[in-house]
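Excluded from the calculations below are hydrogen atoms, water molecules and symmetry mates; all remaining heavy atoms, backbone and side chain alike, are included. Lettering follows sequence order; numbering is per chain, from 1. All values reported here derive from a predicted model rather than from experimental measurement.
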Amino acid sequence: MVALRGDAAELTTAGRLRRVARAALPGVVAGLEPSSPRWVWDTTAVYPELLAAGVRVARAWDLRLARAILRRAAGAPGRVAALPPDAWDDAGQADDGALPLDLGGDLDPVEEHARQLAEVADAARPAALRLLVTAESAGALAAAEMRFAGLPWRRDVHERLLAEVLGPRVPADRRPEGLERLLVGIRSALGAPALNPDSPVELIRALRAAGVEVESTRASELRGVDHAAVAPLLEYKKLARLHAANGWAWLDAWVVDGRFHPEYLVGGVVTGRWAARGGGALQLPKQVRAAVQADPGWKLVVADAAQLEPRVLAGLAGDRAMAEAGRGRDLYAGIVATGAVATRQSAKVGMLGALYGATGGEGGRLVPRLAQRFPQALALVERAAREGERGGTVATLLGRATPPVPEERRALDREAAADGADERVQRRARAVARDRGRFTRNFVVQGTAAEWALCWLADLRGRLWAMGDGPLTARPHLVYFLHDEVLVHAPAEQAEAVAEAVRAAAAAAGRLLFADFPVDFPLDVAVVDRYADADAPAEDGPQADGVESSP
DNA sequence: CCCAAAGGCCAC
DNA sequence: AAACGTGGCCTTTGGG
């Protein structure tokens with residue numbers, strides 16, 4: 001147990017409290033680590049300074065993450081849920097690079113830990129909940145380590161890419177040449193000499209004045225319009241986005257010493273997925289991924305789980321037919337092989353439609369065909385949707401539950417159910433219920449997939465550490481994580497062994513969650529110099545076992 | 001000046 | 001192509 005209080009750090013080991021100077025903490029932790037403790041702390045507050053001092057730990061129990069999970073975990077006795085909010089409920093991340101959050105005087109981490117352990121022990125499924133907390137805590141360690149190590153980023157490559165399409169760098173308040181050129185074409189085609197295409201209001205007005213009847217200025221809608229302004233406008237939008245989101249200003253702000261150091265928010269999404277703050281770390285456009293390059297003599301091992309969510313659904317529902325469709329091959333190809341649908345694209349659109357709750361369009365049309373072939377899997381998401389529509393909560397495999405329905409929704413339901421209720425209110429209540437149903441439908445799958453990914457990451461982290469010697473960044477180490485994808489930076493001679501470790505970790509994650517149920521979690525793995533070279537094999541092409549390796 | 005909503009687009 | 005889940009973050013716009 002470690003808690004920070006100003007310049008001091010408090011350690012409790014075997015029930016005995018020790019106070020040490022904060023600067024001495026890394027040495028003390030390093031001294032205790034060989035006895036394999038599970039460090040009980042707020043990872044975001046304590047771990048960065050340990051990493052900065054060269055100290056890595058193996059295991060943790062994150063008191064804040066555990067609190068958030070236990071507040072609404074399925075099958076928990078509810079003692080944590082009943083607590084009034086306190087500092088353990090805070091977001092836990094320093095806002096602005098200021099000092100890590102210290103503990104107030106009254107907060108007793110020993111007491112909180114005991115309360116959390118008791119809550120887990122008395123839950124309906126203690127082992128599942130314990131796994132959720134420890135896996136997410138390991139994720140927090142990995143997140144801090146990835147931020148510390150950073151994603152290798154070639155500023156020169158990124159700048160060359162920007163110069164090619166935007167022209168030379170200009171001051172922040174001016175448009176680069178590449179945009180100015182397109183702007184001239186857009187304005188003349190629309191007869192709007194002062195138009196600012198960055199303003200949707202101005203743009204839709206100019207389009208309509210030029211006889212283009214559109215509902216919005218979205219690129220997806222404009223693509224269907226035949227007008228001379230459309231081509232330069234679509235190009236402008238693309239480049240303007242690159243310039244605004246990942247242009248020179250982004251490089252200045254986020255790439256330091258050849259590394260991008262994003263701040264991950266573990267469990268930051270309601271489903272348990274991670275979010276990120278600053279730099280748009282989880283939305284790196286494919287366009288700029290050429291700038292992500294391994295150091296000389298090193299490689300990037302890029303691995304992503306193939307069709308993760310449908311496979312997780314197969315495991316959750318115990319749907320042997322769906323598991324079988326994905327065994328040793330592309331799951332969507334396997335669905336086609338059953339005869340349920342004709343093409344891989346249909347299988348994918350139909351599955352995503354089932355996971356998202358599509359009602360119309362191609363997705364909605366295909367869902368019943370899948371339901372016929374995979375009744376158990378489809379019934380599971382349908383049940384989750386009905387539960388949400390009723391105003392109930394649902395939970396993932398390991399017990400992470402949805403938040404309760406907001407009071408506004410309950411009030412709306414009451415109003416709609418009253419005698420002589422306004423028809424508009426009733427319609428609104430039904431729409432809100434359907435929204436909630438789509439949320440709970442997706443939650444069980446997205447959330448359980450996030451649990452699989454946490455187990456994968458946690459297992460892999462241990463394997464990578466064991467593959468080398470010395471400090472974290474001298475060994476194969478994680479540098480990026482994106483829902484169902486990881487990047488490992490590794491010495492070139494170890495890259496193939498890392499690829500094997502990544503696969504072994506995926507198999508281990510599958511066993512942790514689904515025991516001996518025969519569902520596969522194959523990966524697309526690429527050993528590359530540049531992230532951009534790791535694109536998955538052509539989706540409609542032949543695909544043996546989802547394995548790819550580039551020179 | 002700060003702040004939030006709207007529209008839009010990036011990722012999975 | 002679209003509209004069916006989870007997010008972050010950009011610019012514009014309008015309010016205090």
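- Nucleotide B:dA11 holds its C1' atom 13 Å from the CZ atom of A:F481, rounded to whole Å.
- Using bins of under 30°, 30° to 60° and over 60° for the plane-to-plane angle, the ring pair A:H477/A:H489 lands in the perpendicular bin.
- Residue A:L355 is classed as having no contact, given no heavy-atom separation below 4.0 Å to the nucleic acid.
- At the heavy-atom level, A:L284 lies under 4.0 Å from the strands shown only through sugar-phosphate atoms.
- Nucleic acid contact for A:E362: base, since at least one base atom lies under 4.0 Å from a heavy atom of the residue.
- One can place CG of A:N442 at 7 Å from P of C:dT6, the figure rounded to the nearest angstrom.
- Nucleic acid contact for A:A219: sugar-phosphate only, since backbone atoms but no base atoms lie under 4.0 Å from a heavy atom of the residue.
- Residue A:K238 is classed as having no contact, given no heavy-atom separation below 4.0 Å to the nucleic acid.
- Taking atom CG of A:L366 as the reference point, atom C1' of C:dA1 lies 14 Å away to the nearest angstrom.
- The line from CG of A:L222 to CG of A:L203 is 7.0 Å long, rounded to the nearest 0.5 Å.
- Between the CG atom of A:D198 and the P atom of C:dT13 there is a distance of 9 Å, rounded to whole Å.
- Of all nucleotides listed (C:dC4, B:dC12, B:dG8), B:dG8 comes nearest to the side chain of A:T217.
- Here the P atom of nucleotide B:dG8 and the NE2 atom of A:H243 are 21 Å apart, to the nearest Å.
- Distance, A:W274 CH2 to C:dG8 C1': 16 Å, rounded to whole Å.
- The side chain of A:K286 places no N or O atom within less than 4.0 Å of a non-bridging phosphate oxygen (OP1 or OP2) of B:dC9.
- Between A:W153 and A:H158, the ring planes are tilted. Angles from 30° to 60° get that label.
- Across all strands, A:G364 comes closer than 4.0 Å to no nucleic acid atom at all (heavy-atom distances).
- Note on A:V270: only backbone sugar-phosphate atoms sit closer than 4.0 angstrom, heavy atoms only; bases stay farther off.
- Considering A:R64, A:R67, A:R72 as possible partners of A:D89, the one that fulfils the salt bridge (charged side-chain N to carboxylate O under 4.0 Å, His left out) test is A:R67.
- Using a 3.5 Å distance cut-off with no hydrogens or angles, the side chains of A:S216 and A:E221 do pair a donor with an acceptor.
- Of the two residues contacting DNA chain C, namely A:G280 and A:Q446, the nearest-nucleotide position lying further toward the 5' end is that of A:Q446.
- One cannot find a donor-acceptor pair under 3.5 Å joining the base of C:dC4 and the side-chain atoms of A:R438.
- Nucleic acid contact for A:R289: sugar-phosphate only, since backbone atoms but no base atoms lie under 4.0 Å from a heavy atom of the residue.
- One can place CD of A:E221 at 15 Å from C1' of B:dC9, the figure rounded to the nearest angstrom.
- Of the candidate nucleotides B:dG7, B:dC12, B:dC9, B:dC9 has the atom nearest to the side chain of A:R241.
- Under 4.0 angstrom from either OP1 or OP2 of C:dC4 there lies at least one side-chain N or O belonging to A:T359.
- Side chains of A:N246 and A:Q287: a donor-acceptor N/O pair is absent below 3.5 angstrom, by distance only.
- Comparing C:dA1, B:dC10, B:dC12 by their closest approach to the side chain of A:H483 singles out B:dC12.
- Taking every side-chain heavy atom of A:Y356 into account, C:dG5 is the closest of C:dG5, C:dT12, B:dG8.
- In the interface, the side chain of A:R441 is not paired with the base of C:dC4 through any donor and acceptor atom under 3.5 Å apart.
- Using a 4.0 Å heavy-atom criterion, one finds that A:A240 contacts no nucleic acid atom at all.
- Looking at heavy-atom distances under 4.0 Å, A:R218 makes contact with sugar-phosphate atoms alone, never a base.
- What separates CD1 of A:I204 from C1' of C:dT13 is a distance of 15 Å, to the nearest Å.
- Among the heavy atoms of the strands lying under 4.0 Å from A:N196 are primed sugar atoms or P, OP1, OP2 only; no base atom is included.
- In the set C:dT12, B:dC12, C:dG8, B:dC12 carries the atom at the smallest distance from any side-chain atom of A:E485.
- Using modelled atom types and a 3.5 Å distance limit, the side chains of A:R181 and A:Y236 yield no donor-acceptor pair.
- At the phosphate of C:dT11, neither OP1 nor OP2 sits under 4.0 Å from any side-chain N or O atom of A:S199.
- As judged by a 4.0 angstrom heavy-atom cut-off over every strand, A:G278 is placed among residues touching the sugar-phosphate backbone only.
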